[in-house]
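Read the numbers this way: they start at 1 and go in the same order the structure lists the ligands and their atoms.
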Amino acid sequence: MLSVDEVKQSLQSAGQLHVLQFWPELSEEDRDVFLQELSLLDLQELKEHCEGAARAAASPPVRLDQHMEPVLSQFIGSVTKSDKNTLAQWENEGLLQISKNRVGVLLLAGGQGTRLGVQYPKGMYNVGLPSGKTLYQIQAERIHKIQELAEGKHGTKCTVPWYIMTSEFTLAPTEVFFKENNYFGLEPSNIMMFEQRMIPAVTFDGKVILQSKGKIAMAPDGNGGLYQALVDNNVLEDMKKRGVEYLHVYCVDNILVKMADPVFIGFCISKGADCGAKVVQKAYPTEPVGVVCRVKGVPQVVEYSEIQPYTAELQGPDGELVYSAGNICNHFFTRVFLQDVAEKFKSQLKQHVAIKKVPFVDTCGNQVKPTKPNGIKMEKFVFDVFPFSRNFVVFEVLREDDFSPLKNADGTATDNPTTARNSLLSQHCRWARAAGATLLDEDGNTLLPADRVSSAGNPPAKCEISPLVSYFGEGLEQLLKGKTLQTPLILDEKRAEELQTQ
Ligand SMILES: CC(=O)N[C@H]1[C@@H](OP(=O)(O)OP(=O)(O)OC[C@H]2O[C@@H](n3ccc(=O)[nH]c3=O)[C@H](O)[C@@H]2O)O[C@H](CO)[C@@H](O)[C@@H]1O
């Protein structure tokens, strides 16, 4: 730990001496904690960070719109446009790689979930499914099942390691939650949690913001902080040691996420890709999803906050959106590509400016909760490595099978706990019916095939299938064909066993 004089000197040369303004008022204990925090800061880089943030916030945003073009069709694979055999080949390839322990999953879970408005990590959220499962539990059970499917097919026991990137906000509660839940039945040594870096929030004139008298306002460095975090925490070494060559990176809030999706992984591998992105057709031009496209001929995502409305609304000859490839934050990377990024490209990642309301302590020592934006948070984005890819591919999937994110609190129009819950229950109704089950609604009436999702987005019935029973609808016929089942239905392993013997 540095001494207070050393810190003072560095802060002075960075033009940030105000950080110690309340030093005389702090208790011994608070001083220790603060000094520790300041010692961890890269004080050499602080000046550049603060000046850079102020400069970036003051400059007009760089517009990419006029350089945008859609991704070339030869680099796009599609679930709907591929025949059954091709899809089966990709799935087989994915399962084969999983069975050989070559596939890992990496969860981006360092975000603060401000829009959802909860104080705990989003993965701990329970959207109100009949089973009461949280997002973390659903994800863990899908890992379980995909290992089982790969083992069943190839006869070898295998592991899909789960890397979880957290931040100062999410690490401790996530660790406790996993422990309390007995790691959801997974082997704890195959779950690796690590922390991304935090960086100071800065005022518009380039001053570090004090959150309280003895604490700087810090924020995670964006999900593109992943690449620094991989290095800081020796994650790539761990992957190498385990023989993991392919990584499926995903964001925490998509209730339909297919962990280590073998079809996606198989597709990327069979195309020889080093980097890939899953997309869905955008639902409407202003939907808050990034657009996967090319910028000056190079693959890139233009984030929803950075695209101009007229570009987002551009239509092709048949009225379709020109930029319809919506990023669902499901990425494929080879380990070798990540190694390259870590060694050569990580420092070239773009910095994005986010203007936020950052609570602070004013010069008189009063705590202030600003009503309008007062601070700059600089963020890196996980997809900003796409331009460094040598062979980038896009995989288009169906929204109803792959994407229903939890972003907002209930009471909002979209992407909230109700829409997430309904998407999952609707999917499971479809699976049950496709497997030959007849479902009865809560009044005992038979649900007809025409009973689909209502205009309010409600599923035809409450039918929830545990990922431990089925990963993507497979294996249900032997349990459900010709059976009439009352809903609400929770098809968990116990119920599956009962149905098997009926
Ligand atoms: C930059 C990015 O990827 N944007 C994508 C993200 O947007 P969106 O703005 O929704 O991104 P979020 O803020 O939800 O972050 C995405 C994921 O990154 C994690 N996170 C975020 C910040 C951070 O410092 N550390 C961290 O790990 C979050 O916990 C989350 O799992 O998801 C959308 C789909 O749902 C995509 O269309 C957007 O293109």
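Within 4.0 Å of ligand 1, contacts by protein heavy atoms are made from L108, A109, G110, G111, R115, M165, Q196, P220, G222, N223, C251, V252, D253, V289, G290, E303, Y304, N327, C329, F381, V382, F383, F403, K407.
No more than 12 heavy atoms of other residues, nucleotides or ligands shown are found within 6.0 angstrom of CD on Q66.
Shown here for C268 and V393, the closest heavy-atom pair between the two residues is SG-CG2, 3.9 Å.
Listed by chain and number, the residues in a side chain to side chain donor-acceptor pair (under 3.5 Å) with E180 amount to none (sequence neighbours excluded).
Proximity of a side-chain donor or acceptor of R421 to a complementary backbone N or O of V127 within less than 3.5 Å is detected.
Under the 3.5 Å distance criterion, with hydrogens and angles disregarded, a donor-acceptor pair is assigned to the side chains of E396 and Q281.
R430 and D401 are joined by a salt bridge, as a carboxylate oxygen and a charged side-chain nitrogen come within less than 4.0 angstrom of each other.
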